[in-house]
Amino acid sequence: MKFRTRAIHIGNERDPSTGAVVPPIHVASTFVQPGAGEWGQFDYSRSGNPTRKNLEQTLASLEGGCGALAFSSGMAATHCVTMLLSSGDHILAGSDIYGGTYRLLHKIVDRAGIAVSLAPSTDLDRLEAAIRPETKLLWIESPGNPLMSITDIAACAELAHRHDLLLAVDSTFATPALTRPLELGADIVMHSATKYLGGHSDVLGGALVVADPGLYDRLYFVQNATGATLSPFDSFLVSRGLKTLELRVTEQSRTAARLADYLAGDSRVDRVLYPGLPDHPGHDVAVRQMGGVFGAMLSFEIRGDYDKTKRVVESTKLFQLAVSLGAVESLIEQPAAMSHASYDAADRAAHGIVDGLIRLSVGLEDFEDLRDDLRRALDA
Ligand SMILES: *Cc1c(COP(=O)(O)O)cnc(C)c1O
């Protein structure tokens, strides 16, 4: 079955007892066992829940994995991966990563005696030079956040495995509709399901998907032991969102590409960061890795300081001033003040997250309405 068909049918089998075409939401926290010390398919909802299981089956199918785990947030999913490591190990992460991942690695994970450093994942030589004997995990994000850098996942997988590291990819921006990291050799795919997978700004969730059953078992053990699982109601919402994932992402990407063209032609805009533009440094890799559809996130830099930029992001009407992304409603934000405020100022400067940078999450609204909204905000 093709992607779109699997998104609708895998993990969504009709309910045999009623014939309902949508599986019921199983709210039970505990399940009757066949006997003392005997275990059925489910026993306790932290360890496994039918509604969560359905979602995990859909996700595993869409990413081409052997199994998936659904978490209460993207950060919980990321944290679970870091708990595979021990004191003395080192994590190497790309420098263009989600602000919350930066904070988790530098302010929580490092307390467990796990060292963390950043290197640009778009530059394989610098990335390789940053690998240490104690490095165990390479963490990358593509497209990166907020600069839309494109990392060559297949090349990173080759590098990681040559050095005996696990490669984990935060694929929140790309979604399995555009990029499937496991097929490119990655070991772990992570998603903030809060974004495109849910798609409607009404659920918080996260996911991990893997191709290797042994790795699945290790992650499952950590998830069950630490407990940040996704609730049945929220699992249902993400399952519902997945059915329209490909349609939404394709259409939102089309509008994003048109807005990128529009912004690139506006004299008040210094540069537009969108992997679909031929002058984007990651364009060629993106053509190969994203199948010619470049996602619905874009950033641009205006000719202006912190306050001017603040005025622009506060002036749009359809683009709502908010962090998060990936939903049907368009959002605008200033990374230096919002999504990436948890970076140290020096790291922000070193990685090019300047005050004049504006990030857009392009939703499902009409292109002309969104373009006029941006034009009016720049005029203001
Ligand atoms: C939002 C986000 C996260 C964190 O996910 P939560 O669901 O907010 O915990 C991680 N990575 C990326 C790229 C994100 O956009």
Side-chain angles (χ1 to χ4, degrees), residues 55 59 63 68-83 91 93-109 118 121 137 139-151 153 168-179 181 186 188-209 223 226-231 234-235 237-238 241-242 245 249 252 256 273 275 290 295-299 322-327 329-333 335 338-343 351 353 359-363:
L55 167 63
L59 284 170
E63 286 287 2
L69 296 164
F71 291 82
S72 54
S73 71
M75 292 322 303
T78 301
H79 192 207
C80 181
V81 175
T82 66
M83 286 189 277
I91 299 173
S95 38
D96 192 17
I97 56 170
Y98 178 67
T101 305
Y102 176 95
R103 179 174 56 195
L104 172 71
L105 297 179
H106 289 83
K107 312 224 154 118
I108 304 288
V109 173
L118 305 183
S121 54
L137 173 68
W139 184 276
I140 61 172
E141 204 175 302
S142 184
N145 188 356
L147 302 172
M148 307 304 138
S149 61
I150 298 294
T151 293
I153 296 170
V169 180
D170 180 340
S171 200
T172 299
F173 277 28
T175 84
L178 305 185
T179 305
I188 302 171
V189 180
M190 175 266 162
H191 284 285
S192 169
T194 314
K195 316 297 166 54
Y196 291 101
L197 306 188
H200 295 75
S201 301
D202 55 9
V203 59
L204 200 71
L208 298 176
V209 194
Q223 187 198 37
T226 54
T229 54
L230 192 63
S231 80
D234 291 340
S235 297
L237 284 174
V238 178
L242 283 177
L245 175 70
V249 169
Q252 289 173 229
L273 302 167
M290 304 181 79
M297 294 299 296
L298 71 101
S299 293
V323 295
S324 197
L325 58 111
E329 46 284 302
S330 294
L331 302 177
I332 191 165
E333 64 116 3
M338 297 170 68
S339 63
H340 288 68
S342 49
Y343 267 57
H351 300 306
I353 304 168
R359 192 187 77 178
L360 302 179
S361 170
V362 177

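One-based numbering, in listed order, for ligands and for the atoms of each.
For the pair Thr151 (side chain) and Ser142 (backbone), a donor-acceptor distance under 3.5 Å is absent. At least one donor-acceptor pair closer than 3.5 Å links the side chain of Asp96 to the backbone N or O of Asn145. Looking at Glu141, its side chain does come within 3.5 Å of a backbone N or O of Tyr98 through a donor-acceptor pair. Glu333 places a side-chain N or O within donor-acceptor distance of the main-chain N or O of Ser339, the cut-off being under 3.5 Å. A distance-only check finds no donor-acceptor pair linking the side chain of Gln252 to the backbone of Ser330 [under 3.5 Å]. In this structure, Ser73 contributes its side chain and Ala76 its backbone to a donor-acceptor pair below 3.5 Å.
At a 4.0 Å cut-off, not a single heavy atom of Ser324 sits close enough to ligand 1 to count as contact.
Counting heavy atoms under 4.0 Å from ligand 1, residue Leu325 touches it through the side chain alone.
Shown in contact with Asp170 at under 4.0 Å from a heavy atom are these atoms of ligand 1, numbered in order with element: 10 (C), 11 (N), 12 (C), 13 (C). Numbered from 1 in the order shown, with element, the atoms of ligand 1 that lie under 4.0 Å from a heavy atom of Gly205 read 7 (O). Interface of Glu141 with ligand 1, defined as ligand atoms under 4.0 Å from a residue heavy atom, comprises 13 (C). Every atom of ligand 1 with a heavy atom of Ser192 under 4.0 Å away is listed here by number and element: 1 (C), 2 (C), 3 (C), 4 (C), 5 (O), 6 (P), 7 (O). For ligand 1 and Gly74, the ligand atoms under 4.0 Å from any heavy atom of the residue are 5 (O), 6 (P), 7 (O), 9 (O).
Of the protein's non-hydrogen atoms, Thr194 OG1, 2.7 Å is the one closest to atom 7 (O) of ligand 1. The protein non-hydrogen atom at the shortest distance from atom 8 (O) of ligand 1 is Tyr98 OH, 3.9 Å.
Just one of Ile188, Val169, Thr101, Leu118 meets the side chain to side chain contact (heavy atoms under 4.5 Å, CB included) condition when paired with Trp139; it is Thr101.
Of the listed options Lys195, Met75, His191, His79, Lys195 places a heavy atom closest to atom 15 (O) of ligand 1.
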